[in-house]
Structures are given as C-alpha cells and as structure tokens.
Asker: 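Structure in structure tokens, see below.
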Amino acid sequence: MDSMKASIFSDKGYGQLPSLVNICIKSILMDHGRTKCALQLIPKDLYESFLVSALRHERQLCIMEIVAQWPYRVLNLRSLMPKVSDAQCRVCTWDHRSQIAFIRSLCLMIAAGFREQIRRNGKLQVLDISDLAYSITGVGIKRVSDEEFVTHFLNMFGNRHSNTTSQQSGHNRVIYMDWVVGRKNKKLVLSFLKSGSTGMSVRCRSLSLQYISENSINQILARIDPQTVNSLNFRTRDMFHNGLKLLERLTNLSSLDLSYTFYDILNYEPSRWSNIYAELGSTFSKLPNLIHLNLEGNRLSNQLRTLLQHIQKQLSTLQVDFCQLNELDISYLANSLHAKQLQNLSIGSNNLSKDPESLFKLLTSCGETLQYCCLSATSVDKIEAVANRLAQVSHRMKQLCTLRLSGVQLSIPDQAEIVTCFGLNVPTLKFLHMPLHTIRDEDDCENAGYTIVRARKCIEVQARLPFSANFNDAGIDEFFDICVKRFRDSEPHEIERELHVLARKGPQLASPINECCFLFKF
C-alpha cells in the first residue's frame with residue numbers, strides 16, 4: 001500500500017492527489033508498445049501531457065515515439081520544460097557528467113522522432129531544442145553541445161534520407177538548435193546551413209565558434225540566418241582581422257561572449273591598441289538587442305567607457321573578470337545607465353580597493369536588480385571597515401542569490417558580520433562564497449563557502465568546507481558567538497549548532513565533506 005501511494009503521489013508531491021488522466025498516462029508510458037498504440041487513439045490535446053510525463057520519468061523510447069507522432073506543426077521543448085518539475089529537481093541533483101549525458105541522450109531521441117516524422121511525412125514542421133540544458137536544470141550547463149555531439153546529431157539526417165521522396169518530405173522543415181563549430185565538423189555544419197540533404201533547414205539559436213579560420217567564420221556567418229541567432233561565443237582571434245564587421249548583421253543577438261578573445265592581439269599587435277576598443281564599441285552600438293556581455297580575460301584598463309557607452313540597451317549581464325580595470329572604469333560603471341539594470345555582475349580579479357566610493361556606489365545602484373555578484377580576488381579586504389560597508393549595502397539587495405568573495409582575506413568577525421547581515425537583510429540569498437577561517441588549512445576551494453537555508457522563522461547557516469579540510473574548533477566557537485550577538489536584535493529564542501560529516505556521492509570515489517551547521521530559530 002505504501003509503495004502504491006508513493007507511485008501515485010510521485011508526480012505532484014506527497015499529499016497532493018494527481019488527476020486520473022495523469023495516473024493513466026503514467027501507467028501507459030511504462031510500456032513502449034502500449035504507448036505506441038495509445039498515441040494512435042488519444043485526442044491530440046493529450047499529446048502534451050504524454051510528452052511532459054515521459055520527460056518527467058525519463059521514458060526515452062516513449063519520447064521518441066511521441067515526437068514521431070506529434071500532431072501539431074510546432075514542437076518547442078524549451079517551453080514545456082517548466083512543466084517538468086520532477087525532472088528539474090531530479091536532474092539538478094545529478095553530477096555534471098550525468099546531466100550532460102542525459103540531455104544529449106534526450107536530444108538524440110527527440111531528433112530520432114523528428115527523423116521518423118520526415119519519413120512518414122508527418123505534420124511536425126518546426127522543432128526547437130535550443131537552450132534545452134538551461135530549461136531542464138534551471139542553471140547554465142556549459143559544454144552540453146560540442147563538436148562530436150553536433151556531428152552525431154546532423155548525421156542522423158544524412159545520407160540515408162538523400163533520395164528524392166525524403167527531400168520532398170523534409171522540405172520546409174526546420175530545426176532550431178545550439179551549435180558548436182570547430183575544425184572537425186565545420187564542413188558538415190556548412191553543408192547543413194546551406195541545405196541539409198533532406199532539404200531540411202537547420203538554424204542556430206546559440207553559436208559557438210571554436211578556433212576556426214577567418215574564411216570559415218565568413219562562410220558560416222554568410223549562410224546562417226541572422227534573425228535566429230541570439231547568442232554568440234567566439235573562441236578565435238581571427239575575427240578581429242576583419243574589423244568586427246562580421247557581427248553587425250546579427251541584429252537579434254542578445255548575448256555575446258568574447259572572453260579571452262583579443263588579449264593575444266594586444267600582446268602581439270600593439271599597434272592596434274588605439275583602434276581595437278573603438279572598433280569593439282562601434283560594433284556593440286550596432287547590436288540593438290545586446291544585453292549580456294562577457295569580456296573576461298581581456299585587457300580593458302581605462303577603456304570601459306569606450307566599449308559600453310553607445311550600447312543601445314542597458315546591460316543585464318556584465319562579466320569583466322581579469323580585465324585589469326582601474327578606478328576610472330569602476331567610476332564610469334557606477335554612474336552609467338547599465339548599473340540600474342544589472343542582474344549579473346562579475347568583476348573579480350581586479351584591484352577595486354583604490355576607489356571604494358565608486359565600488360559601493362556601483363553595488364548600491366544595481367542593488368535593486370542584482371542577483372549574482374562576484375567580487376573575488378578584488379582586494380576589498382584592504383578597504384577600511386569593508387564588512388560594515390557591505391552590510392550597509394545589503395539593505396538594498398532584495399534579489400541577490402549569490403555573492404562570491406573568494407580570495408578576499410576577511411577576519412572571523414568580518415565574516416560573521418557579513419553572514420548575519422546578508423542573512424537577515426537579503427531574503428533571496430542562498431550562497432556566500434568566501435575563504436573559511438573556521439578551518440585549519442588556508443587553501444581556497446570552489447566547494448568552500450556559506451549556504452543560507454531559510455524556513456519559517458528559521459535561518460540555517462551551513463559552513464561548507466573543502467574535502468581535505470579539518471575544523472578548527474576555536475574558529476567555530478568564535479564565529480558562532482559573534483553570530484549570536486549579531487542576531488540578538490531579532491531575539492532568537494533557540495540557537496542550535498551541530499557538526500556532522502556527509503558522504504560525497506560520486507560515480508567513482510566517495511570523499512568526506514565537512515559541514516558545520518548553525519541553526520537560528522526565532
């Protein structure tokens with residue numbers, strides 16, 4: 001009986017009764033043959049429910065069959081993913097490799113179903129699987145698509161459909177997907193951008209060009225539909241030999257990643273220093289929809305105004321880590337219109353201690369909208385009373401989810417003040433990343449930081465340590481005592497502390513993770 005309840009309630013959560021239709025759909029999807037027969041009998045308005053349920057329970061053969069018999073002209077997987085709440089939660093708990101493997105397998109099954117649509121001359125004309133990784137997990141997953149995956153995907157629509165009948169059935173059919181184009185697959189991609197062997201059109205939403213020649217870039221951008229590309233990632237410096245004119249035709253481009261792209265040019269072609277920033281600024285000004293910009297790893301000292309002042313829209317994402325920014329750059333950014341709309345700001349590994357007034361003005365200006373902020377390795381620990389000033393800024397940050405302060409050497413009292421003030425003042429905060437002084441070793445680690453967990457009348461602060469670290473009991477006691485004093489104004493009537501060791505789940509080796517939990521109940 002208990003197992004039956006668990007099965008029934010698994011779609012909606014315990015205590016919420018799912019509809020009879022959903023229970024029947026889940027039962028049918030347990031068998032691929034039963035699903036194939038049922039799809040020929042059900043009304044077409046149930047297809048979406050079948051597909052959502054199949055995605056939720058990872059029934060990949062059933063997914064392929066549903067796509068193969070899809071009765072509508074358009075299938076947009078990205079729009080369906082918010083409804084797949086169970087799959088979102090499940091996949092998010094997997095390790096990175098498992099997430100990538102699942103998404104790639106899912107894409108290939110969907111493509112196989114679309115290929116069957118072409119063979120049967122079905123109704124489905126437009127398939128959109130772009131940005132599927134983000135839609136499933138809710139977080140950006142890098143490298144889901146690579147050269148090998150794109151090659152495998154396109155080969156599914158290759159020679160086996162080269163006859164005239166298949167070309168006619170594939171005519172006017174369109175796939176929207178994300179591309180990674182490199183030396184190994186550029187010829188295949190170019191052939192499909194021109195016209196697939198089925199007469200099918202393959203169009204890009206997100207394009208990543210990986211170390212290919214200027215000639216190849218020209219061919220790809222000449223054949224690609226400029227109206228469909230909304231994200232572009234360059235991993236080549238040859239584009240700059242053509243004066244950046246290649247980008248200007250992509251008028252719907254909203255996201256541009258030029259990280260570490262022209263650093264080498266400034267090293268090996270110093271004569272271009274005075275022109276490269278003006279060329280970049282001119283190009284940015286001709287992209288009317290640009291709102292996400294990544295310039296990480298490029299030398300931008302005293303050039304931020306030249307690059308950003310003529311952008312038509314206010315940026316919501318700006319990444320300028322490792323850019324040798326100076327006080328003039330931070331001052332410009334703090335007073336610019338972009339500061340009013342920034343949701344993601346990453347300015348790590350720049351010395352920001354020389355002009356603290358501009359830095360805190362910037363954080364105050366974008367506080368209402370800021371969701372992610374990286375101040376790692378910015379020397380802010382050299383600013384007088386930095387913890388107190390950050391605490392004052394915290395009152396303005398009502399949407400902040402993540403604050404990164406790794407590489408910033410803060411004392412235990414400063415850490416406690418930042419944790420408690422941000423914990424109380426920022427209701428959306430989930431993660432504070434900074435070196436932990438409650439451990440014996442000084443190693444900084446990506447897994448170290450403070451996690452803020454909220455429940456009703458409760459704030460739990462979890463200090464997560466590197467796998468190899470050991471607790472320093474004296475440091476824990478000092479941190480805990482300071483936090484108690486900081487929370488005194490909120491009158492916590494019960495405070496708990498526990499130390500426990502969790503097992504790290506991994507495909508090969510289980511390593512211990514130390515976590516120290518401070519539970520403040522009000």
Side-chain angles (χ1 to χ4, degrees), residues 3-4 6-13 18-94 98-133 135-138 144 149 152-153 156-157 160-161 169 173 175-177:
S3 62
M4 183 180 298
S7 175
I8 291 176
F9 291 135
S10 62
D11 283 345
K12 293 289 184 180
S19 68
L20 181 61
V21 172
N22 288 336
I23 296 173
C24 293
I25 289 174
K26 182 178 178 181
S27 176
I28 292 172
L29 290 172
M30 296 300 293
D31 181 76
H32 175 237
R34 189 190 306 165
T35 302
K36 187 174 182 179
C37 294
L39 290 172
Q40 300 174 7
L41 302 174
I42 63 172
K44 68 178 185 178
D45 56 352
L46 285 179
Y47 268 77
E48 181 176 312
S49 298
F50 265 79
L51 183 54
V52 168
S53 184
L55 289 166
R56 178 180 294 132
H57 299 102
E58 304 158 45
R59 307 295 297 174
Q60 296 196 10
L61 288 176
C62 295
I63 292 171
M64 181 184 70
E65 192 60 44
I66 294 169
V67 174
Q69 298 191 41
W70 192 253
Y72 300 102
R73 182 179 177 276
V74 178
L75 174 55
N76 188 341
L77 268 296
R78 180 177 169 182
S79 65
L80 292 180
M81 285 306 156
K83 302 178 182 180
V84 192
S85 57
D86 288 348
Q88 284 180 320
C89 297
R90 178 181 172 88
V91 176
C92 282
T93 62
W94 293 353
S98 298
Q99 287 178 334
I100 291 176
F102 168 73
I103 296 168
R104 287 180 176 176
S105 177
L106 176 62
C107 288
L108 293 175
M109 282 294 176
I110 294 170
F114 190 58
R115 185 180 63 187
E116 189 65 16
Q117 276 267 355
I118 295 175
R119 190 185 69 82
R120 299 175 184 176
N121 197 18
K123 293 184 178 180
L124 183 59
Q125 298 291 317
V126 180
L127 174 64
D128 192 340
I129 58 171
S130 61
D131 205 17
L132 195 58
S135 303
I136 292 174
T137 64
V144 168
F149 173 73
H152 189 177
F153 190 98
M156 296 183 70
F157 301 93
R160 69 180 68 185
H161 298 299
S169 62
R173 296 183 192 264
I175 292 181
Y176 292 95
M177 61 179 295

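As the structure is a computational prediction, the values presented were derived from the model and not from experiment.
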Asker: Distance from Lys36 atom NZ to Leu61 atom CG, nearest 0.5 Å?
Answerer: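 So the gap between those two atoms works out to 11.0 Å.
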
Asker: Should Leu80 and Leu75 be marked as a side-chain contact (heavy atoms from CB on, under 4.5 Å) after you check the CA-CA gap, both sets of side-chain angles, and the distance that decides it?
Answerer: CA-CA 9 Å; Leu80 292 180; Leu75 174 55; 4.2 Å; yes

Asker: Run the numbers on Leu77 and Leu127 for side-chain contact (heavy atoms from CB on, under 4.5 Å), then give the verdict.
Answerer: CA-CA 8 Å; Leu77 268 296; Leu127 174 64; 4.0 Å; yes

Asker: CD1/Ile25 to CG/Leu46 distance, rounded to the nearest 0.5 angstrom?
Answerer: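 Separation between the atoms: 5.5 Å.
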
Asker: Kindly indicate, with the supporting measurements, whether the criterion side-chain contact (heavy atoms from CB on, under 4.5 Å) is fulfilled by Ile28 and Phe50.
Answerer: CA-CA 9 Å; Ile28 292 172; Phe50 265 79; 3.9 Å; yes

Asker: Applying side-chain contact (heavy atoms from CB on, under 4.5 Å) to Val126 and Phe114, what does each step give before you reach the verdict?
Answerer: CA-CA 9 Å; Val126 180; Phe114 190 58; over 6 Å; no

Asker: List the atom of Gln69, the atom of Gln117, and the distance in Å for their closest heavy-atom pair.
Answerer: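 Of all heavy-atom pairs spanning Gln69 and Gln117, the closest is C-NE2, 3.6 Å.
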
Asker: If we only count heavy atoms from C-beta on, is the Tyr47 to Val67 side-chain gap below 4.5 Å?
Answerer: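 No. Closest side-chain heavy atoms not under 4.5 Å.
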
Asker: Any idea which heavy atoms bring Thr35 and Asp31 closest together, and the distance?
Answerer: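 Scanning both residues completely, I find the closest heavy atoms to be OG1-O, 2.8 Å.
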
Asker: Keeping Arg59 on the side-chain end and Met30 on the backbone end, is there a donor-acceptor pair under 3.5 Å?
Answerer: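 It does hold such a pair.
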
Asker: Let me confirm one number: the OG-CD distance from Ser105 to Glu58, rounded to the nearest 0.5 Å.
Answerer: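 Result: 10.0 Å between the selected atoms.
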
Asker: Give, for atom CD of Gln60 and atom CG of Leu55, the distance between the pair rounded to the nearest 0.5 Å.
Answerer: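 Gln60 atom CD to Leu55 atom CG measures 9.5 Å (nearest 0.5 Å).
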
Asker: Over all heavy atoms of both residues, which pair between Arg173 and Ile118 is shortest? Give the atoms and the distance, please.
Answerer: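 Taking every non-hydrogen atom into account, CD-CG1, 3.5 Å.
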
Asker: Calculate, to the nearest 0.5 Å, the distance between atoms SG and CD1 belonging to Cys107 and Ile63 respectively.
Answerer: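 Output value for this atom pair is 10.5 Å.
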
Asker: Determine whether a donor-acceptor pair (N or O, by modelled atom type, separation under 3.5 Å) exists between the side chain of Tyr72 and the backbone of Lys44.
Answerer: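 Yes, Tyr72 side chain to Lys44 backbone: donor-acceptor pair under 3.5 Å.
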
Asker: I need the His32 NE2 to Cys37 SG distance, nearest 0.5 Å.
Answerer: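 Between His32 NE2 and Cys37 SG, I get 9.5 Å after rounding to 0.5 Å.
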
Asker: Any Lys/Arg nitrogen of Arg120 or Glu65 sitting under 4.0 Å from an Asp/Glu carboxylate oxygen of the other?
Answerer: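 Between Glu65 and Arg120 there is a salt bridge, with a charged N closer than 4.0 Å to a carboxylate O.
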
Asker: Quick check: closest heavy atoms across Cys62 and Leu29, and the distance to 0.1 Å?
Answerer: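 Residues Cys62 and Leu29, closest heavy atoms: SG-O, 3.5 Å.
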
